[in-house]
Amino acid sequence: MGLPFKDIVTPRELPWSALSGRTVAVDGYNALYQFLATIRQADGQPFSDAEGRPTSHLIGSFYRTTSLLAAGVRPAWVFDGKPPERKAGTIRQRIEAKERAGEQWQAALAVGDLATARRRAAQTSHLTPPMVEETNELLGALGVPTVRAPSEGEAQAARMAADGVVWATASEDYDTLLFGAPRLVRGLAARRSSRAGAGAAQLIDRAELLAQLGVSGDELIMIGILVGTDFNDGARGYGPKKALKLAQEHLGWAETIARSGMDPNEADEVAEIFRHPSTTAVPSLEFRDPDAGRVTEILVRRHGFSEERVRSALERATRASARVSPVPPSPRGRQQKLDGFEEVPS
DNA sequence: CTATGATA
DNA sequence: TATCATAGG
């Protein structure tokens, strides 16, 4: 999660018209953690219901899904399964970082620094299995498909895009590109000022990226491993620029790794995760109309959401999806080109 | 994060 | 109709 590729990718602006009718594989954990981080009050306290149970993830996934459906976009949500052994270090580091952030949050509150408090609180976000389970229940009630990956959700989403089951993956992280996703959509959220046609989301086309960088797919994996992934720490002194430069020398796998000073066994193990990730075949995705009764049961009855807000969001979603006809999936994810969109000056 | 209501 | 502040659970 969070490959530092910002400096080496050139995204294109993706107008909502190009997204309408298309199915995307949303990286569920990526989205849920974002909701937990951002849907908070001024002091950093997450939203919760009358019984103190967290609701930020439900608010986020409900409004994100209904607003995507209202825009004619069909989101299939993909969730992580069992993490690869190699991820253990990253997971431990994240837990420690959360503990530190929690202390800093309290410290900031104690001195009345609300801005810092909120920022630190965002870093403490904790997603539990029951929260994931209930999100899945909600998404089911909304009529959108959910997929539980055998291992990494990003790998599963990438495969679905490569198989043409979805048009693209949707995540803020670049990992799906290493897993072979032909297209990645970032910024699927920022649909603010896109009323008058101005695009909001960004598209990264993998083939185009490889051509631009002048590297192969395997060399892209190499760059990731050099800068560090969820599964390794990276080579000393290598950031995205230097890693790209080394990959562009096309020295071959073994020689490149030797140059970087990395442990070759470790590099091979991590490469294997990206080259042959554990995924499952998803035949087709079924979208249905939202079940208003079930959604109301979960959000209004169980968690005290405003019935009026839920009702109107559902109405927007169903009205739009009746109007927009789905763009049929294409085999091997390699259909019409999307030329002519503006490059985004990052 | 998105929706909503106030304001120009 | 567009922009801004803030409510939402």
Side-chain angles (χ1 to χ4, degrees), chain A residues 1-2 14 16 19-20 24 26-75 77-79 114-115 117-128 130-139 141-142 144 146 170-173 185-202 290 292 294-321:
Chain A
M1 237 162 275
L14 183 64
W16 283 84
L19 219 39
S20 185
V24 295
V26 174
D27 179 356
Y29 272 66
N30 185 268
L32 253 33
Y33 271 108
Q34 267 179 1
F35 298 150
L36 293 174
T38 52
I39 305 178
R40 286 173 184 264
Q41 319 189 55
D43 64 354
Q45 201 65 226
F47 277 76
S48 59
D49 65 17
E51 284 158 61
R53 295 172 298 196
T55 52
S56 297
H57 59 300
L58 297 173
I59 300 174
S61 46
F62 175 65
Y63 286 121
R64 172 75 119 251
T65 300
T66 51
S67 82
L68 285 176
L69 291 173
V73 183
R74 301 164 16 114
W77 290 67
V78 181
F79 293 90
L114 277 191
R118 202 182 191 289
R119 211 165 48 243
R120 297 303 180 203
Q123 298 164 346
T124 67
S125 305
H126 191 54
L127 184 61
T128 65
M131 288 161 74
V132 175
E133 202 177 314
E134 196 172 33
T135 303
N136 273 267
E137 184 189 2
L138 174 62
L139 293 169
L142 286 169
V144 304
T146 59
S171 177
E172 297 314 301
D173 292 342
V185 176
R186 297 186 73 235
L188 198 58
R191 203 175 64 79
R192 281 271 110 168
S193 55
S194 63
R195 274 279 174 270
Q202 297 180 349
R294 273 173 72 204
V295 173
T296 303
E297 169 61 32
I298 299 166
L299 295 181
V300 180
R301 300 278 102 75
R302 197 185 299 166
H303 292 292
F305 280 46
S306 147
E307 183 158 22
E308 173 56 28
R309 279 171 171 247
V310 168
R311 197 200 53 75
S312 69
L314 287 177
E315 198 203 295
R316 278 193 299 272
T318 30
R319 195 149 33 90
S321 46

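Numbered from 1 within each chain, the chains take letters A, B, ... in sequence-line order.
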Open item on the list: I'd like to know whether A/Arg311 forms a salt bridge (Lys or Arg N to Asp or Glu O under 4.0 Å) with A/Glu307, so could you lay out the CA-CA distance, the side-chain angles of the two residues, the decisive distance to 0.1 Å, and finally the verdict.
Closed with: CA-CA 6 Å; A/Arg311 197 200 53 75; A/Glu307 183 158 22; over 6 Å; no

Open item on the list: Measure CG/A/Leu58 against P/C/dG8 and give the value in whole Å, please.
Closed with: 17 Å

Open item on the list: In whole Å, I'd like the distance from the CD atom of A/Gln45 to the P atom of C/dT6.
Closed with: 20 Å

TODO: Return the set of residues passing side-chain hydrogen bond (donor to acceptor under 3.5 Å, both in side chains) with A/Arg294 (not counting sequence neighbours), or none when no residue passes.
DONE: none

Task: Greater than 12 external heavy atoms within 6.0 Å of A/Gln41's CD - done: yes

TODO: Among B/dT2, C/dG9, B/dC1, find the nucleotide with the atom closest to the side chain of A/Ser67.
DONE: B/dT2

Task: Touch class at under 4.0 angstrom, heavy-atom based, for A/Ser48 against every strand present - done: base

Task: A/Glu172 CD - B/dC1 P separation (whole Å) - done: 9 Å

TODO: Determine the contact category for A/Phe47: base if any of its heavy atoms lies under 4.0 Å from a base atom, sugar-phosphate if only primed atoms, P, OP1 or OP2 are that close, otherwise nothing.
DONE: base

Task: Contacts of A/Ala31 that satisfy side-chain contact (heavy atoms from CB on, under 4.5 Å) - sequence neighbours left out - done: A/Val26, A/Phe35, A/Trp77

- [ ] Measure from CZ on A/Phe62 to C1' on B/dA3 and round the result to the nearest Å.
- [x] 11 Å

Task: The single option from A/Leu127, A/Asp27, A/Thr38 passing side chain to side chain contact (heavy atoms under 4.5 Å, CB included) against A/Tyr33 - done: A/Leu127

Open item on the list: Does B/dT2 have OP1 or OP2 under 4.0 Å away from a side-chain N or O of A/Arg64?
Closed with: yes

TODO: Tell me yes or no: between the side chains of A/Asn136 and A/Thr146, is some donor less than 3.5 Å from an acceptor?
DONE: yes

Task: Protein-nucleotide distance (A/Gln41, atom CD; B/dT2, atom C1'), rounded to Å - done: 16 Å

Open item on the list: Any non-hydrogen side-chain atom of A/Leu188 less than 4.5 Å from a side-chain atom of A/Leu14?
Closed with: no

Task: Below 4.0 Å: OP1/OP2 of B/dA3 and any side-chain N or O of A/Arg316 - done: yes

Task: Atom-to-atom span, CZ of A/Arg302 to P of C/dG9 - whole angstrom - done: 16 Å

Task: Nearest-Å distance for atom pair CZ/P, residues A/Arg186 and B/dC1 - done: 12 Å

TODO: Return the value, rounded to whole Å, for the distance between atom CG of A/Leu299 and atom P of B/dC1.
DONE: 20 Å

TODO: Would you classify A/Pro46 as touching base, sugar-phosphate or nothing, given that sugar-phosphate means primed atoms plus P, OP1 and OP2, and contacts are heavy atoms under 4.0 Å?
DONE: base

Open item on the list: Of the options B/dT2, C/dG8, C/dG9, whose atoms approach the side-chain atoms of A/Ile39 most closely?
Closed with: C/dG8

Open item on the list: Any residue in residues 303-315 of chain A with a heavy atom nearer than 4.0 angstrom to DNA chain B? Just list them by number, or reply none.
Closed with: A/Arg309, A/Ser312

